[in-house]
Asks: 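For reference, the structure I am asking about is given below.
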Amino acid sequence: MNVPRGNAESLMQEHYHPETLEPAVQQYWQDNKSFSVNEDSDREKYYCLAMFPYPSGKLHMGHVRNYTITDVISRFQRMQGKNVLQPMGWDAFGLPAENAAIKHHTAPAAWTYSNIDYMKGQLQSLGFGYDWSRELATCSADYYRWEQWFFTRLYRKGLVYRKTSAVNWCPKDQTVLANEQVVDGCCWRCDSPVERKEIPQWFIRITAYAEELLAALDKLDNWPDQVRTMQRNWIGKSRGVDMHFPLRQPIAGLDGLDVYTTRPDTLLGVTYLTLAAEHPVSLALAENNPALADFIASCRQQAVSEASVATLEKRGMDTGIVAAHPITGEPVPVWVGNYVLMDYGSGAVMAVPAHDQRDWEFARKYGLAIRQVIAPTSGQTCDLEREAFVDKGVLVHSGDFDGLDFEGAFDAIAGRLADSGRGRVTTNFRLRDWGVSRQRYWGAPIPMLYRPDGTEIPVPDHKLPVLLPEDVSIDGVHSPIKADPLWRRDVLDGEAVERETDTFDTFMESSWYYARFTCADYTGGMLDSARANYWLPVDQYVGGIEHAILHLLYARFFHKLMRDEGLVASDEPFTRLLCQGMVLKDGAKMSKSKGNTVDPQGLIDQYGADTVRLFTMFAAPPEQSLEWSDEGVAGANRFLRKLWRAVFAHLGRGEPGAARFVDLPENLRNLRRKTHETLAKVSHDFSQRQTFNTAIAAVMELLNDLSRLDDSSALGLAVEREALETATLLLAPIVPHISHRLWREMGHEEAIIDAPWPVVDQGALVRDTIEMVVQVNGKVRARIQVASNAERQTVEASALEEQNVLRFTEGLTVRKVIVVPNKLVNVVAS
RNA sequence: GCCCGGGUGGCGAAAUUGGUAGACGCAAGGGACUUAAAAUCCCUCGGUUGGUAACAACCGUACCGGUUCGACCCCGGUCCCGGGCACCA
């Protein structure tokens with residue numbers, strides 16, 4: 001057996017052994033600090049970031065996919081010559097740590113730190129090229145102290161306020177429940193029916209930035225349209241009318257009810273108003289109306305999430321009072337409904353049953369009037385006995401306004417309301433202010449103090465950070481810092497004060513970690529602006545589609561807040577966004593309860609990291625959901641062995657000749673063309689399309705072509721060497737360990753991570769002839785070979801003389817011949 | 001309920017700007033090598049029909065309809081699956 005010579009010192013092993021190869025390559029990266037980077041104004045920077053993980057215990061396939069995509073892009077950009085930053089850290093606060101603490105009788109902090117240790121080892125074994133010197137965990141006071149500091153700045157700017165807002169309340173456990181802890185309207189632990197409870201909470205005024213957050217979406221060209229659309233709808237800017245329905249006498253200090261509508265054209269069709277159960281007027285009327293009080297109490301037996309409110313059976317009760325219609329002055333009955341939310345708008349809505357399906361159903365249920373005021377423009381009639389007519393149309397039964405269309409009616413009715421002082425045109429946003437208070441322990445303490453009289457004071461800088469004690473025990477009901485009377489106590493300027501015991505929403509931490517990575521060791525402030533501005537914005541952000549709205553909107557908002565504080569110079573945090581799909585098994589999301597989980601660790605142990613990375617990138621394009629297949633993983637491993645064998649066999653055939661590729665014989669010319677076609681396709685797929693599956697398929701095709709070549713001449717080996725080196729370079733971002741070794745075996749001193757991306761030889765792509773398809777009336781009837789520079793007439797003529805074309809045009813007249821250059825000819829005949 | 005996606009062979013998928021539907025891989029079947037197995041290599045592989053065969057025809061991208069010389073792709077409607085809905089992260 002011919003044993004091939006690799007580099008000067010050692011012989012290439014015949015077989016691929018990832019279990020020894022991968023740790024050795026990882027050791028090389030570590031010894032050479034290959035992924036540790038600094039600001040370098042002479043080089044183009046590239047900041048590539050994956051959404052950091054919650055340290056839940058061990059990596060799941062979703063993580064593996066997310067971090068492989070990000071690592072592939074990072075390594076590709078590095079080969080493009082960029083100064084690439086790829087950091088990693090831990091989204092370490094959150095609810096699961098408290099649940100685990102109860103279950104395992106450990107402190108959330110200890111559980112979290114031990115998970116971080118284990119998961120960090122897993123990330124390293126997958127060969128991801130992180131700059132670990134920038135690692136951060138959000139539960140560390142070095143991190144959250146700046147978040148607390150920033151919050152006090154926002155408070156001073158008037159961007160933070162406190163108001164009461166509803167939470168899910170378990171009456172038995174006397175505790176607040178997260179939405180996911182409410183199962184079918186009941187507490188997940190004790191099964192008691194959940195109630196709404198209004199408690200004071202802290203809010204950040206994201207609505208003050210609604211207009212900018214919306215407008216800037218148009219400039220995020222490298223975000224998926226899907227995500228931009230979702231954010232646009234979430235912000236929900238609308239043009240409508242705020243109007244006032246006067247009451248006969250004031251109730252709860254209110255002389256009327258304020259209502260917003262986007263359909264003032266239907267105003268004359270209003271037949272009742274509906275108030276939220278917590279509306280001040282509802283509460284005031286309930287004081288001497290026991291039936292109404294009972295109804296309002298029953299409305300509290302309801303979880304707070306919008307999905308649960310939207311799907312519940314709509315119920316209502318007549319309050320017995322009326323308000324005056326702002327245009328006609330006619331009395332309009334006032335109802336209380338369980339589906340109107342006080343947290344949302346004014347807590348009162350007008351109902352037009354003829355032209356809103358939900359109002360129609362409510363009116364039918366309670367026998368309320370349905371008055372048609374819009375007719376279809378087409379002149380057709382509509383059957384309001386069957387359903388509401390919700391389209392825009394022309395006004396009827398609306399007095400002076402009859403005959404107007406939507407636009408005309410909007411302006412006329414809004415004008416009439418404005419003239420009488422009963423309404424005005426306004427812009428409304430669906431977006432609500434960001435509630436950041438959580439009644440939980442494992443989060444960053446909200447840095448606020450209260451005087452005995454209840455007035456609030458932000459914690460002054462010299463008392464920051466407000467530390468969260470880590471050595472605690474958890475009972476699942478009460479937060480240790482709420483249960484500890486000593487922790488609450490503080491003294492400010494000689495005055496006894498009490499600390500806020502709520503903690504921040506964990507979206508606070510994940511809203512700025514990407515910026516902190518640029519200067520994670522900085523102790524002089526939240527951000528070292530010089531470093532932050534070198535790296536920011538993030539050039540490529542990669543994460544799950546489930547974060548399309550909340551996390552990404554809060555992070556965009558935070559970036560603008562940091563900009564306005566002078567910390568960063570850019571307007572947006574993430575230039576390009578890639579949202580990967582989920583990892584499925586047997587068509588369903590992997591979950592412990594379904595028993596369809598696949599542990600990445602077992603596969604890494606069995607096949608090596610490169611195989612897992614290759615399969616993950618090959619099985620589907622990143623945005624699509626990925627169906628896991630153990631057989632597919634075995635196939636990916638087979639391909640790597642085939643690649644290894646190809647290089648081994650090639651080296652065994654002797655030294656290639658000089659790379660002078662002129663006047664090549666046809667078989668070598670074909671392989672060279674394939675090499676450069678593959679290079680062109682993979683370059684495009686990596687940089688533009690981000691479809692790594694098709695890039696891998698292209699390299700597989702190249703290797704298939706290569707294996708069919710049998711030419712051991714010096715020139716043949718040179719063409720083969722070029723093909724193998726190209727394949728190795730193209731695969732290097734995806735399977736970095738095997739590529740590192742093969743590159744060395746093919747005689748390169750420089751490590752492949754520092755090799756430049758190859759360049760397409762345009763001359764190698766030239767073809768003499770091309771195949772074109774010939775259709776008759778859109779159906780493929782023949783294929784023809786034509787010179788690649790053939791004139792249109794020549795192509796047309798040779799298409800028309802094909803036997804099968806003649807067969808299908810016989811007896812017909814050719815009406816038209818369509819020629820799509822280099823692709824097809826369509827003969828239209830009848 | 002509302003907003004956003006998706007649906008293509010037995011399976012994962014490809015078709016990049018409206019121009020050859022099924023590249024690449026998995027599974028399966030057949031063959032070669034082997035004492036045997038593994039590994040590897042070669043061949044077949046959407047369905048139906050005709051043909052010894054080369055091949056040809058028809059059908060086929062969830063369903064119904066439309067636009068177009070031409071539709072997986074664009075438009076209208078329906079069904080199913082998934083993500084999000086502000087306290088899971």
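Worth saying up front: this structure is predicted, and the values here are computed from it rather than measured. In what follows, chains carry the letters A, B, and so on, assigned in the order in which the sequence lines appear, proteins first and then strands, with residues in each chain numbered from 1.
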Asks: Please work out if A:E361 contacts a base, only the sugar-phosphate, or nothing of the nucleic acid, heavy-atom cut-off 4.0 Å.
Replies: nothing
Asks: Using the C1' atom on both, measure B:A27 against B:U16 and round to a whole Å.
Replies: 29 Å
Asks: Expressed in angstrom and rounded to an integer, what is the separation of A:W188 atom CH2 from B:C88 atom P?
Replies: 10 Å
Asks: A:S629 side chain: which of B:C26, B:G5, B:A14 is closest?
Replies: B:C26
Asks: Provide the Watson-Crick or G-U wobble partner of B:C85, both distances under 3.5 Å; none if there is no partner.
Replies: B:G1
Asks: Using the C1' atoms only, state how far B:G65 lies from B:G12, rounded to an integer number of Å.
Replies: 32 Å
Asks: Starting at the 5' end of RNA chain B, which residue's closest nucleotide do you reach first, A:G778 or A:R638?
Replies: A:R638
Asks: If we call it a pair only when both distances are under 3.5 Å in a Watson-Crick or G-U wobble match, what pairs with B:U52?
Replies: none
Asks: Compare side-chain N and O positions of A:N693 against OP1 and OP2 of B:G25 and report whether any pair is under 4.0 Å apart.
Replies: no
Asks: Below the 4.0 Å mark, does B:A57 have OP1 or OP2 next to a side-chain nitrogen or oxygen of A:R781?
Replies: yes
Asks: So for A:R645 and B:U40, does any side-chain atom that can act as donor or acceptor lie under 3.5 Å from a complementary atom in the base?
Replies: no
Asks: Answer yes or no: are there more than 12 heavy-atom neighbours, outside A:K163 itself, under 6.0 Å from its atom NZ?
Replies: yes
Asks: Can a side chain N or O of A:Q624 be found less than 4.0 Å away from OP1 or OP2 on B:A14?
Replies: yes
Asks: With no angle test and no hydrogens, is the base of B:C3 tied to the side chain of A:N233 by a donor-acceptor pair under 3.5 Å?
Replies: no
Asks: Quick one: look up who B:U40 pairs with, Watson-Crick or G-U, both distances under 3.5 Å, and put none if it's unpaired.
Replies: B:A32
Asks: Does A:K681 make a side-chain donor-acceptor contact with the base of B:U16, cut-off 3.5 Å?
Replies: yes
Asks: Would you classify A:F618 as touching base, sugar-phosphate or nothing, given that sugar-phosphate means primed atoms plus P, OP1 and OP2, and contacts are heavy atoms under 4.0 Å?
Replies: base
Asks: Does B:A56 have its OP1 or OP2 closer than 4.0 Å to a side-chain nitrogen or oxygen of A:K779?
Replies: no
Asks: Can we say A:E313 and A:K365 salt-bridge, meaning some charged N sits less than 4.0 Å from an Asp/Glu carboxylate O?
Replies: yes
Asks: OP1 or OP2 of B:A39 versus the side-chain N and O atoms of A:R641: is any pair under 4.0 Å?
Replies: no
Asks: Tell which nucleotide pairs with B:C24, taking only Watson-Crick or G-U wobble pairs whose two distances are both under 3.5 angstrom.
Replies: B:G12
Asks: Please state how far atom CG in A:N179 lies from atom C1' in B:G84, giving the value in whole angstrom units.
Replies: 12 Å
Asks: When you check the gap from the basic side-chain N to the acidic O, do A:R430 and A:E306 get nearer than 4.0 Å?
Replies: yes
Asks: Considering residues, nucleotides and ligands other than A:R641, do more than 12 of their heavy atoms fall under 6.0 Å from its CZ?
Replies: yes
Asks: Please state how far atom CG in A:N777 lies from atom C1' in B:U20, giving the value in whole angstrom units.
Replies: 16 Å
Asks: For A:N804 and A:L626, take the nucleotide of RNA chain B holding the closest heavy atom to each; which residue's nucleotide lies nearer the 5' end?
Replies: A:L626
Asks: Mind checking who B:C73 pairs with, Watson-Crick or G-U wobble, both distances under 3.5 Å?
Replies: none
Asks: Based on the glycosidic angle (syn within 90° of 0, else anti), state the conformation of B:G50.
Replies: anti
Asks: Side-chain donor-acceptor pair under 3.5 Å between A:S308 and A:Q302, yes or no?
Replies: yes
Asks: Once you apply a heavy-atom cut-off of 4.0 Å, does A:F504 come out as touching a base, just sugar-phosphate, or nothing?
Replies: nothing
Asks: Measure the distance from CG on A:L709 to C1' on B:C41 and round it to the nearest whole Å.
Replies: 17 Å
Asks: Just checking A:W628 against A:F615, ring centres under 6.0 Å apart?
Replies: yes
